[in-house]
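Have a look at the structure below before the remarks.
Numbers restart at 1 for each chain; the letters A, B, ... are given by sequence-line order, proteins then strands. Keep in mind the model is a prediction, meaning the values are calculated, not measured. Computed over heavy atoms, backbone and side chain alike; hydrogens, waters and symmetry mates excluded.
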Amino acid sequence: MAKGLDIKLIKNGKRLDGRDMEEMRPLKMELGVLDRADGSAAIELGETKVIAAVYGPTKLHPQHRQQPKKAVLSVRYQMLPFSTTDRCRPGPNRRSIEIGLVIKKALEPIIFLEEFPRADIQIEIEVIQANASTRVTGLTAASLALADAGIPMKGLISACAVGKIQDKLILDVAGAEDSYGGADFPIAMINGGDEITLLQLDGDLNQKEMKPALDLAQKGCKILFDQQKNVLKNTYKVGDQK
Amino acid sequence: MAKGLDIKLIKNGKRLDGRDMEEMRPLKMELGVLDRADGSAAIELGETKVIAAVYGPTKLHPQHRQQPKKAVLSVRYQMLPFSTTDRCRPGPNRRSIEIGLVIKKALEPIIFLEEFPRADIQIEIEVIQANASTRVTGLTAASLALADAGIPMKGLISACAVGKIQDKLILDVAGAEDSYGGADFPIAMINGGDEITLLQLDGDLNQKEMKPALDLAQKGCKILFDQQKNVLKNTYKVGDQK
Amino acid sequence: MAKGLDIKLIKNGKRLDGRDMEEMRPLKMELGVLDRADGSAAIELGETKVIAAVYGPTKLHPQHRQQPKKAVLSVRYQMLPFSTTDRCRPGPNRRSIEIGLVIKKALEPIIFLEEFPRADIQIEIEVIQANASTRVTGLTAASLALADAGIPMKGLISACAVGKIQDKLILDVAGAEDSYGGADFPIAMINGGDEITLLQLDGDLNQKEMKPALDLAQKGCKILFDQQKNVLKNTYKVGDQK
Amino acid sequence: MMKINKSVIINSIQKGIRLDGRKLEEFRDIEIIPNYINKNPEGCALVKIGKTKVLVGVKMGVGKPYQDSPDEGVLMTGAELSPIAAPEFESGPPREAAIELARVVDRGIRESKMINTKALCIKEREAVWLVFLDIQILDYDGNLFDAAALGAVVALMNTKIPTYDLKTEKIDFEKYSGKLELNEVPISITARKISGKIVFDPNAEEEELVDSRLTFAFKENGNICAMQKGGSEPITKDEILDLMKKSSDQSKIIRKKLKNIKIDK
Amino acid sequence: MMKINKSVIINSIQKGIRLDGRKLEEFRDIEIIPNYINKNPEGCALVKIGKTKVLVGVKMGVGKPYQDSPDEGVLMTGAELSPIAAPEFESGPPREAAIELARVVDRGIRESKMINTKALCIKEREAVWLVFLDIQILDYDGNLFDAAALGAVVALMNTKIPTYDLKTEKIDFEKYSGKLELNEVPISITARKISGKIVFDPNAEEEELVDSRLTFAFKENGNICAMQKGGSEPITKDEILDLMKKSSDQSKIIRKKLKNIKIDK
Amino acid sequence: MMKINKSVIINSIQKGIRLDGRKLEEFRDIEIIPNYINKNPEGCALVKIGKTKVLVGVKMGVGKPYQDSPDEGVLMTGAELSPIAAPEFESGPPREAAIELARVVDRGIRESKMINTKALCIKEREAVWLVFLDIQILDYDGNLFDAAALGAVVALMNTKIPTYDLKTEKIDFEKYSGKLELNEVPISITARKISGKIVFDPNAEEEELVDSRLTFAFKENGNICAMQKGGSEPITKDEILDLMKKSSDQSKIIRKKLKNIKIDK
């Protein structure tokens with residue numbers, strides 16, 4: 001990465017892919033894309049495409065890993081070997097292990113784990129194609145897959161990445177903005193609200209930029225949350241009872 | 001591998017090592033070559049030399065791998081590091097794992113596994129020196145080692161490889177025939193009979209060649225089976241009661 | 001390693017670092033250097049610096065590794081990545097596994113393992129900086145850490161390395177003596193006495209040199225043993241009751 | 001998933017009609033989506049056979065050739081039975097089943113000489129294209145062998161080759177220099193025996209009852225370039241000839257289907 | 001170690017004074033020993049925060065640069081939670097916690113552009129210096145993130161560069177050619193929430209009760225170059241702004257402390 | 001294998017005659033078969049000591065030399081205690097016992113300077129011969145150390161060096177350019193103590209009762225080039241001198257035996 005390099009990422013007031021500063025890429029969500037899993041969802045955010053599946057709750061094996069008062073959540077995040085420009089080797093690596101961990105921590109607050117003592121809830125996230133924002137999109141999809149699996153939850157997690165190019169905050173980092181931009185700030189919120197369950201930062205942020213950056217992330221999370229509600233409503237054909 | 005290359009593998013109607021098309025290499029079988037194993041056998045087929053050993057039936061550990069109604073067969077096939085022209089690294093690799101699997105499947109039909117519930121029968125095949133046909137020779141040796149161990153069986157497995165050079169089918173592929181021949185067709189049969197328990201093909205076979213190729217394999221398996229019976233008879237000095 | 005190379009390791013009757021043939025490097029021992037461990041010790045021998053920690057006796061998990069009549073001793077010897085001239089990769093390697101094994105065997109004779117059936121005593125040795133003699137110094141430190149942990153023992157283990165330069169036996173190999181000397185002879189003794197619990201040799205020793213080499217090792221072990229007793233006495237402020 | 005009693009499935013097969021209404025030799029619907037994703041992989045296909053879904057992608061790389069074929073590119077095939085597709089596929093290093101799957105798919109492609117490996121030579125002895133073919137099972141409902149092999153073939157059919165600069169040793173993935181040169185299109189068909197009956201394309205529940213299976217890879221001229229027997233029951237010589245004929249017929253149906261879809265972007 | 005009842009710790013925190021007498025936002029004593037060992041590592045620091053002890057060492061090596069930064073040296077950061085520091089750290093391949101620790105420390109250094117990586121180029125496209133930064137936890141009593149990050153920064157501050165001969169490809173570790181060029185000194189501070197209270201620098205027993213943590217890496221100008229949230233409880237937007245301010249203040253205290261110690265040999 | 005009562009074995013040893021009729025210091029029959037296989041390995045030996053059978057092979061390869069010995073070939077020794085030899089040897093990555101065995105055999109060869117490593121230089125700094133020495137235990141009935149060391153020595157004694165073409169970087173294994181140059185033939189002998197008695201060459205059941213063992217590698221001039229103590233009981237200084245003398249005598253017997261067999265093809 002060569003963040004901060006002198007490459008013009010804004011031309012004529014637009015980003016390189018023609019978006020406004022606070023505009024997300026085209027977004028598609030689909031539920032139940034897999035038959036075998038207990039719940040599943042696919043999300044396309046521009047060229048980034050992920051699938052998440054949920055298995056469980058099932059009795060956890062081996063027994064010594066069981067928790068007597070709650071379910072154990074496990075999350076595996078993986079990029080397919082052909083999902084990136086240069087082939088990435090299959091199997092876990094340090095990056096994917098860290099991301100699996102922060103996604104797990106981001107989901108734990110919303111799941112009623114205590115309803116399923118000694119059980120296992122297993123989440124599998126496959127990044128099918130990567131053009132930045134894979135961890136946040138994977139997390140958003142995982143939240144939908146949990147809903148699709150009927151796991152009782154306090155809310156939905158919606159997550160997006162705020163960035164910075166030529167000193168302007170932008171929503172939904174993509175392409176050259178990821179390689180040459182000034183910050184990558186992935187954030188997850190509960191129901192597009194005030195509570196943050198995932199937050200990381202790579203880059204350079206003035207302390208005064210923190211509030212606007214969080215506000216912009218919330219704007220993105222709200223867009224995602226609305227679409228999550230829509231796809232759930234349309235799929236299950238229930239009335240809009242927020 | 002450069003199969004099908006333009007190299008003359010037949011000269012004056014003979015193969016490069018002087019054999020006729022349907023002639024096997026010199027064959028030697030020996031039982032009980034190891035003291036510690038419950039059963040063992042060594043086979044030399046030309047320069048290919050393998051040793052197979054059997055341990056068991058013994059109680060299977062860990063318990064959760066036990067099968068309540070039958071013994072579990074495990075097969076490890078391994079080439080010694082100095083058994084090949086270029087040194088091969090010790091330890092399992094993708095090729096040896098696949099071969100261990102097909103050999104296991106080839107032996108399961110003949111063993112009365114149901115006589116030993118919760119038990120383990122462990123087969124170790126070491127390729128001491130390789131000049132083609134190592135999997136079939138290892139399998140033939142494993143069958144003998146099972147007999148040497150006194151494991152009850154419905155029959156013996158005999159296995160050989162049919163090949164194709166200059167459009168002619170040949171028995172017992174070796175040397176340059178392996179690298180430059182038109183096919184490698186390893187086959188295992190029960191008691192040199194009609195029932196096939198291992199079959200793989202690499203190469204190019206016309207559908208009309210299938211029957212003659214199977215017949216030729218059977219010819220080879222019968223030769224092996226006769227010698228297997230002989231070595232068992234001679235070793236245990238029992239009458240020939242087929 | 002290029003042992004025996006034609007490099008003068010004695011100049012004006014002194015070794016390259018100015019020592020006499022039978023002189024050890026400056027030695028510092030400290031007890032209780034770590035807070036979390038049940039016992040710990042650090043030793044500096046010239047530039048070689050090691051820390052040893054002891055955890056236990058605690059109940060051994062998993063259960064199937066327990067010994068019904070005694071504690072199980074486990075020893076991990078590790079060089080920190082930055083402890084050597086060229087970085088060494090973290091994690092066990094063949095050398096460190098062998099050294100862990102011989103250190104374990106060297107400590108077993110002095111510990112009353114039978115007093116703690118089904119228990120685990122775990123020893124961790126970290127080589128912080130290496131300038132030869134790391135295994136013997138690690139072992140000496142481990143013995144001190146066991147005493148610091150209050151594990152009942154028959155005695156202390158003291159260990160040093162005898163070497164050979166220009167046909168002279170030397171005490172406490174270091175620096176170029178390790179790379180270019182004629183022998184490396186690490187030895188461990190109980191209470192600086194007659195009983196040897198670790199012994200290895202790399203090099204070239206005339207059979208007549210064996211007795212003087214053992215005697216010289218004993219001289220070194222006695223120096224170490226005296227200092228071990230001193231540091232224990234000073235730390236625990238008990239009378240000198242040998 | 002509610003488990004159906006095994007004897008119900010077997011009774012049905014004995015009668016010649018399966019529980020889902022199919023005849024014994026009938027495949028489920030096959031859907032082929034070439035270029036399912038098309039930004040990063042050089043070639044890609046999603047294949048669905050019934051509920052089984054397999055995603056195959058091709059990435060090109062550059063590396064040293066093997067010493068005994070210094071002017072030929074190299075195919076490397078991997079398969080992942082990751083637990084997204086079925087809870088029984090635990091993650092971790094590829095196990096027996098995934099290794100066998102990858103190797104059987106690889107063998108069909110390699111032995112048919114599908115890829116013109118000489119055309120992948122950049123500079124003899126120094127640099128050749130590596131073709132990384134990766135098979136990802138997304139949803140498991142039986143018959144992985146045929147789905148994976150079909151996906152692999154389609155992914156290779158739409159694979160493009162990036163440009164490579166020998167001096168800077170850089171691949172430009174944005175600029176393609178041409179398509180992967182193919183000599184052949186092998187089609188793999190796997191016949192199974194369940195309780196003495198020949199069955200094609202089992203679903204996951206039928207797959208558990210398979211006594212033996214035999215995979216054939218057919219070339220365009222009908223020749224067989226790879227075979228693999230699986231399962232713990234023997235097959236007789238006559239059965240092999242019968243399975244060969246029936247599988248060969250099936251391969252023609254799939255070959256026709258392939259002709260009718262647009263594979264390039 | 002005798003375990004103290006959790007509710008006792010929490011009650012105490014609720015009252016604003018911790019069991020060891022500290023205020024909620026107060027750090028334990030910090031001791032920094034630069035060049036703790038100084039023969040073999042190119043840079044080194046031992047940092048003690050209370051009873052927590054972290055040893056960080058830097059070794060320089062030479063290798064090929066990455067293709068997309070052919071004239072820049074490479075930082076590689078590893079962390080070992082080996083069982084010498086606590087019995088619950090089993091040895092073996094680095095687990096989640098050690099990986100997160102190493103990556104968060106690495107991120108603070110990398111994103112602050114602390115190291116002048118261009119100055120580590122030996123020959124473009126062929127040879128650059130590799131900076132191996134290894135973090136060894138020796139004694140665990142909480143707050144590894146801040147201790148490890150501080151040790152890393154100090155170790156880099158006293159790192160010297162050996163000489164390298166391109167022809168013989170040999171590094172001469174006895175002869176230094178200069179110091180590692182630094183642009184910046186990032187300071188990492190981790191704020192925790194326990195039962196709704198903001199707490200800094202927890203010991204091991206407090207650490208077990210942490211609901212959420214937030215690590216900030218601050219540059220000299222006060223800007224933030226890296227963040228990482230941990231723990232299973234949410235943090236609100238307002239809390240983040242509050243934690244940022246308090247952490248920023250803490251970073252200034254530590255920055256001042258750093259100024260007052262002699263870091264070079 | 002029916003287990004014999006340990007006390008029966010020990011009583012017998014105390015009386016000075018072992019259960020198989022041997023005296024305490026007596027070896028079982030040693031059979032050495034050089035070139036046991038002779039097509040693919042460059043050197044090979046099968047050694048049987050009683051029922052223990054060890055197969056050792058040497059393969060030559062070409063690689064880069066170590067930086068600190070740029071004109072010397074490299075010996076690499078591996079040992080496999082694979083479960084073919086005994087059910088207690090589980091397969092998998094080499095464990096403590098296999099590692100110790102390989103390293104002790106390696107040390108005897110290396111420290112005796114048996115191999116003329118300078119003669120293995122193909123081109124300084126670029127290419128040297130690698131000597132891969134692999135030890136495979138086929139049948140385990142005690143005393144692996146002496147059997148493996150003897151097999152290793154004999155395999156090296158009949159090792160031939162293939163030809164290598166620096167330009168094409170190809171080894172021609174069909175055409176040998178000469179023999180491996182040897183300076184020395186080390187003989188390893190391991191003395192054991194069981195219940196206070198000195199015993200040589202234990203079988204598997206005796207091996208379980210060994211309190212301590214001491215391996216010596218002797219050079220032709222009688223000097224000792226490697227030693228390794230094993231076992232959990234101490235040995236006194238005097239005992240070491242005694243074991244050295246007895247082992248030295250044993251080594252002469254084996255050295256004579258080696259002289260009397262034809263080692264080359």
Side-chain angles (χ1 to χ4, degrees), chain B residues 32-42 44 46-61 74-92 96-97 100 120-132 134 138 141-142 145 174-175, chain F residues 1 36-46 48 50-53 55-63 76-94 98 102 130-142 155 159 162 170-174 203-204:
Chain B
V33 294
L34 302 179
D35 285 285
R36 189 68 185 272
D38 294 313
S40 62
E44 282 182 46
E47 290 162 325
T48 290
K49 177 155 191 171
V50 305
I51 297 183
V54 171
Y55 284 93
T58 45
K59 202 177 168 191
L60 178 54
H61 293 287
S74 71
V75 174
R76 206 173 62 104
Y77 161 98
Q78 171 174 274
M79 297 187 102
L80 295 191
F82 46 84
S83 68
T84 46
T85 307
D86 286 301
R87 178 175 185 264
C88 57
R89 292 171 62 99
S96 72
I97 289 169
D120 179 30
I121 297 173
Q122 188 187 339
I123 295 177
E124 302 286 329
I125 298 169
E126 304 282 353
V127 177
I128 302 291
Q129 186 161 268
N131 179 3
T134 62
Chain F
M1 193 166 68
Y36 177 69
I37 50 168
N38 53 29
K39 185 182 147 49
N40 289 330
E42 273 69 71
C44 178
L46 177 69
K48 303 181 189 175
K51 292 178 179 173
T52 287
K53 296 176 195 70
L55 181 63
V56 183
V58 176
K59 278 302 302 178
M60 301 296 290
V62 171
M76 264 161 307
T77 307
E80 277 258 336
L81 305 186
S82 64
I84 195 170
E88 62 267 29
F89 299 163
E90 280 165 50
S91 70
L130 314 175
V131 183
F132 293 101
L133 179 72
D134 283 290
I135 298 163
Q136 173 73 33
I137 312 303
L138 291 178
D139 216 347
Y140 173 64
D141 194 21
T159 292
K170 266 196 181 171
I171 302 174
D172 185 348
F173 285 105
E174 304 284 312
N203 61 27

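We find the CD-CG distance between B:Glu47 and F:Asn38 to be 8.0 Å, quoted to the nearest 0.5 Å. Distance CZ/B:Phe82 to CG/F:Leu55: 4.0 Å, rounded to 0.5 Å. A distance of 4.0 Å separates CD in B:Glu126 from OG in F:Ser82, rounded to the nearest 0.5 Å. Note that the NZ atom of F:Lys53 and the CZ atom of B:Arg36 stand 11.5 Å from one another [nearest 0.5 Å]. Here the straight-line distance linking atom CG of B:Asp35 with atom CG of F:Leu138 works out to 11.5 Å at 0.5 Å rounding. Here CG of B:Leu80 is found 7.0 Å from CD1 of F:Ile37. Values are rounded to the nearest 0.5 Å.
Shown here are the salt bridge (charged side-chain N to carboxylate O under 4.0 Å, His left out) partners of F:Lys59, two or more places apart in sequence or in another chain: F:Glu42. Judged as a salt bridge (charged side-chain N to carboxylate O under 4.0 Å, His left out), and not counting sequence neighbours, B:Asp120 has no contacts.
Under the 4.5 Å side-chain criterion, counting only non-hydrogen atoms from C-beta, F:Phe89 is not in contact with B:Glu124.
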Discussion item. With side chain to side chain contact (heavy atoms under 4.5 Å, CB included) as the criterion, how do F:Asp134 and B:Arg87 come out once you've worked through the C-alpha distance, each side chain's angles and the decisive distance to 0.1 Å?
Written reply: CA-CA 10 Å; F:Asp134 283 290; B:Arg87 178 175 185 264; 2.8 Å; yes

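Using a 4.5 Å cut-off between heavy atoms, F:Tyr140 touches chain B through backbone and side chain atoms alike. Of the two parts of B:Val54, neither the backbone nor the side chain holds a non-hydrogen atom closer than 4.5 Å to a non-hydrogen atom of chain F. In this structure, chain F has no heavy atom under 4.5 Å from any part of B:Glu44.
Here the shortest heavy-atom pairing between F:Ile84 and B:Leu34 reads CG1-CD1, 3.8 Å. The minimum heavy-atom distance between B:Pro90 and F:Glu80, with the atom names listed, is CB-OE2, 3.7 Å. When every heavy atom of F:Asn40 is checked against every heavy atom of B:Ser83, the shortest pair comes out as ND2-O, 2.7 Å.
Within a 6.0 Å radius of CD in F:Glu88, other residues, nucleotides and ligands contribute more than 12 heavy atoms.
The choice from B:Ile123, B:Asp86, B:Ile125 that makes the most heavy-atom pairs within less than 4.5 Å of chain F is B:Asp86.
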